[in-house]
Structures are given as C-alpha cells and as structure tokens.
Number of protein chains: 2
Amino acid sequence: MLAIGTLSRKTGTKVQTIRYYEQIGLMNEAGRTSGGQRRYYEKDLDRLAFIRHSRQLGFSLDSIRELLDLSDNPAQSCAEADSIARRQLRQVEQRIKRLQALKKELKRMVAECDGESVAECKVLEVLRDHSECLTNHDEIGA
Amino acid sequence: MLAIGTLSRKTGTKVQTIRYYEQIGLMNEAGRTSGGQRRYYEKDLDRLAFIRHSRQLGFSLDSIRELLDLSDNPAQSCAEADSIARRQLRQVEQRIKRLQALKKELKRMVAECDGESVAECKVLEVLRDHSECLTNHDEIGA
DNA sequence: CCTTTATCTAAAGTCACTGTAGCTTATCAA
DNA sequence: TTGATAAGCTACAGTGACTTTAGATAAAGG
C-alpha cells in the first residue's frame, strides 16, 4: 500500500495534483486508512504514470480520459487511440508553425532596434502598426 | 466618439474583452454617455490595437503593460522595450524546441501503430511506459 | 412609438493546476 | 510512552486571459 507522497515522488506529480485528479474522476477514489489517509496499489501508480506521461506529450485531460477508457477495454480496435494521437500531432504541428511565424517577426523587431530613444524605437513602432508586419499572425494563443 | 462595438469590430476584439482590459487597468476608463454607455477616442483605438497586436505576438498582459508605459514616455531609452522583446523571443524559441520534441515522439507513436487491437496498441503502450521514449520531454506545458 | 440591435453589470465558468490556512495522522527515536 | 517531526487531510481562493450567461437598460431607425 502506497501513500500519496510515494506516488507523488515516483511520478513527479504534486500531491495536490493527485487529489485534483481524483476530484475530477481521472483517478479512482483511493482507499483510506482508519485515520482517513489515501492508500494506493501499484495499478494506481501505473494509471497516474500514464496520465502524467500523456500530459507531458501535451494531451488534454479530456483526451487522456478517452485514452484511459480505451486502455481499460483492450478488446477494441486501436483506431480510436490512433486518431486521438494524430489529432494531438496536428495540434502540435500547428502550434509550431504559428510560433515560427512569431519568432520571425520578433527577430526582425529586435534586429531593427538600434537602442535609440523610445520615440523612434522599432519594437514599439511595429507593435503600434500591424501593417508593418511581414507575416500573418492572426490567432491569439499558442 | 466611438462605441465599444466599433472598437470591437476594428480590432477584432470581443466587447467583453475590451471591458476586461478596462477592469484590469490596461485600458483607461472610458467616458460615458448620459445613458452609461462607453465612448472612445481614436487614441483609445490605437491603444487597443497595440494591445491586441502585442497579444498576437504572444506578449503577456504584464509585458504589454510595461511596453505601454514605455510607449507613453517617449524620452526614455529604448533598451527596456528591446529587452522585453528579446525575452519574448527567447520564450518563443524555447516553446518551439519543446514542441518539436513532442512532435517527434507523437510521430513515432502513430507511425508504429498498425491498427491492431487496443491490447497491442503502440500509442497506448508508449503512454504507459515512459522508458520507451527516445526524447526527453520533462516539463509540462507549452 | 415600437422594434431591433447594442450595451450595461455582475457573477460564474474555462483549463489544469497551485497555494494557503488550519487542522489531524503516522512514524520513529528517546 | 512520549513527543517531535513529517506527511496528510479538507476546503477554498488564486492563476492567466479571457468567455459565457442572465437579466436589464440604452440607442437608433422607421
């Protein structure tokens, strides 16, 4: 029987985060000691590791919920899991594209700045006037 | 005198977002009509455009606050604005790096999946076992 | 005057946690 | 057995940057 702190250490997850996962139903409700402390089995550790690894790969908690459901029913086809992963891949690729456009623009901004007074600062000028931009960067958020 | 909806249309910002910016002190408190509706000048439109363009480039509202302060005092040196932009550039570059590592891992995951049953699904297998990963992807968050 | 559109406030919801306050329980040495 | 310390508990607020909702009021055009 593992205490919550052990799971925390073994998976690099904050204790509060584990409790949070239980609260939103991503982790099962843990058994308790007579004093009310949570105790876990190895399978809970595995599940938490799965969650954390998926988070590290950028999956949303909703996607992870789907993946866990699939993982719990090994008879099904793998297509669903595959499509979730592909969707995630597409999202990552889009974000990279967008960030690369931002990077280009920011580079140009700081390259053109020659440390003069704010009055003729290129950085501020570019921010003031979108029409000076070379790239499109329409959507907000990474 | 411009209504809030006009600012909204001209800058592609939701009306609520403009009110939110006022609430957190990023936009000045607008003048009001006798009936209590906000009315704006051209300079408010410029300020909002500056904010939105900065957001599109990924600057945080805190950074934007600094940039606006600088912009309001044109006598200062431009060094501060430059350093904020450089910091932003570094952040963007880091995010790109991290996302590229994720992309590699996700690509490998979906490439190895051959559509068999969940039981031998490569995607789920990789998520289950971190040690199968080729790349390090330790930190969560983009 | 009436209808439609725009605007108002206040508060709650989003995502995925993180932090805090004020307790109680478990563990180990003395 | 005692007492210190570490670990755990609940409940709630806070983060960033908004978005959504509900219910009411104002402005504009015909």
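Heavy atoms only: backbone and side chains are in, while hydrogens, waters and symmetry mates are out. This one's a predicted model, so the numbers in the text were calculated from it and none came from an experiment. Proteins come first, then strands; the chains are lettered A, B, ... in the order of their sequence lines, and each starts at number 1.
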> Step by step, would you call A:Leu57 with A:Gln88 a side chain to side chain contact (heavy atoms under 4.5 Å, CB included)?
Replying inline: CA-CA 9 Å; A:Leu57 285 166; A:Gln88 179 63 19; 5.9 Å; no

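- Near-neighbour residues of DNA chain C inside residues 58-72 of chain A, defined by a heavy atom below 4.0 Å, number-ordered: A:Ser60, A:Leu61.
- Under the 4.0 Å criterion applied to side-chain N and carboxylate O atoms, A:Glu105 and A:Arg108 are assigned as salt-bridge partners.
- At least one side-chain heavy atom of B:Phe59 sits under 4.5 Å from a side-chain heavy atom of B:Ile84.
- Look at CD1 on B:Ile51: it is 14 Å from C1' on D:dC18, rounded to the nearest Å.
- Looking at residues two or more places apart in sequence or on another chain, you find no salt bridge (Lys or Arg N to Asp or Glu O under 4.0 Å) involving B:Lys97.
- Residues A:His53 and B:Leu127 approach most closely at ND1-O, 3.2 Å, considering heavy atoms.
- A search for side chain to side chain contact (heavy atoms under 4.5 Å, CB included) contacts involving A:Thr17 returns A:Thr13, A:Lys14, A:Tyr21, A:Arg52, not counting sequence neighbours.
- For D:dT10, one of the phosphate oxygens OP1 or OP2 lies less than 4.0 angstrom from a side-chain nitrogen or oxygen of A:Arg32.
- Of the listed nucleotides (C:dC17, D:dC9, C:dC8), C:dC17 has the atom at the smallest distance from the side chain of A:Tyr21.
- Checking D:dG8, C:dC17, D:dC18 against every side-chain atom of A:Arg52, the shortest atom distance belongs to C:dC17.
- Look at CD on B:Gln23: it is 13 Å from P on D:dT19, rounded to the nearest Å.
- OP1 and OP2 of C:dA16 both lie 4.0 Å or more from every side-chain N or O belonging to A:Thr17.
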> In B/S/- notation, 5' to 3', how is nucleotides 21-30 of chain D contacted by protein heavy atoms closer than 4.0 Å?
Replying inline: B----SS---

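- Phosphate proximity of C:dT7 to B:Arg38: absent, as no side-chain N or O sits under 4.0 Å from OP1 or OP2.
- In summary, A:Glu93 and A:Arg90 do not engage in a salt bridge, as defined by a charged side-chain N under 4.0 Å from a carboxylate O.
- Applying the 4.0 Å criterion to OP1 and OP2 of C:dC15, one finds that A:Tyr20 has every side-chain N and O outside that range.
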>> Using the rule given for side chain to side chain contact (heavy atoms under 4.5 Å, CB included), can you reason through A:Met1 versus A:Tyr41, listing the C-alpha separation, both sets of side-chain angles and the distance that settles it, and then say yes or no?
In response: CA-CA 6 Å; A:Met1 301 293 276; A:Tyr41 297 104; 3.6 Å; yes

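- At C:dG19, one or more side-chain N or O atoms of A:Lys14 fall inside 4.0 Å of OP1 or OP2 (strictly under the cut-off).
- The shortest side-chain heavy-atom distance between A:Cys78 and B:Val123 does not fall under the 4.5 Å cut-off.
- Whole-Å rounding puts the A:Gln91 CD to C:dC15 P distance at 13 Å.
- Side-chain atoms of B:Arg65 and B:Ile24, non-hydrogen and from C-beta on, do get closer than 4.5 Å to each other.
- In this structure, A:Glu22 atom CD and D:dA11 atom P are separated by 12 Å, rounded to whole Å.
- For the OP1/OP2 pair of D:dT19 and a distance below 4.0 Å, the side-chain nitrogens and oxygens of B:Arg19 include no atom meeting the criterion.
- Within residues 6-13 of chain B, no residue is approached by DNA chain C to less than 4.0 Å at the level of any non-hydrogen atom.
- Of the residues in residues 40-50 of chain B, not one places a heavy atom less than 4.0 Å from an atom of DNA chain D.
- Proximity of B:Leu26 to B:Arg47: side-chain heavy atoms (C-beta onward) are nowhere separated by under 4.5 Å.
- Look at A:Glu22 and A:Arg19 and you find no salt bridge, because none of the NZ, NE, NH1 or NH2 atoms lies under 4.0 Å from a carboxylate O.
- Ion pairing between a basic and an acidic side chain is recognised when a charged N comes within 4.0 Å of a carboxylate O; A:Asp82 and A:Arg86 show such pairing.
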>> Walk me through whether A:Met27 and A:Ile51 qualify under side chain to side chain contact (heavy atoms under 4.5 Å, CB included).
In response: CA-CA 9 Å; A:Met27 290 290 283; A:Ile51 295 170; 3.7 Å; yes

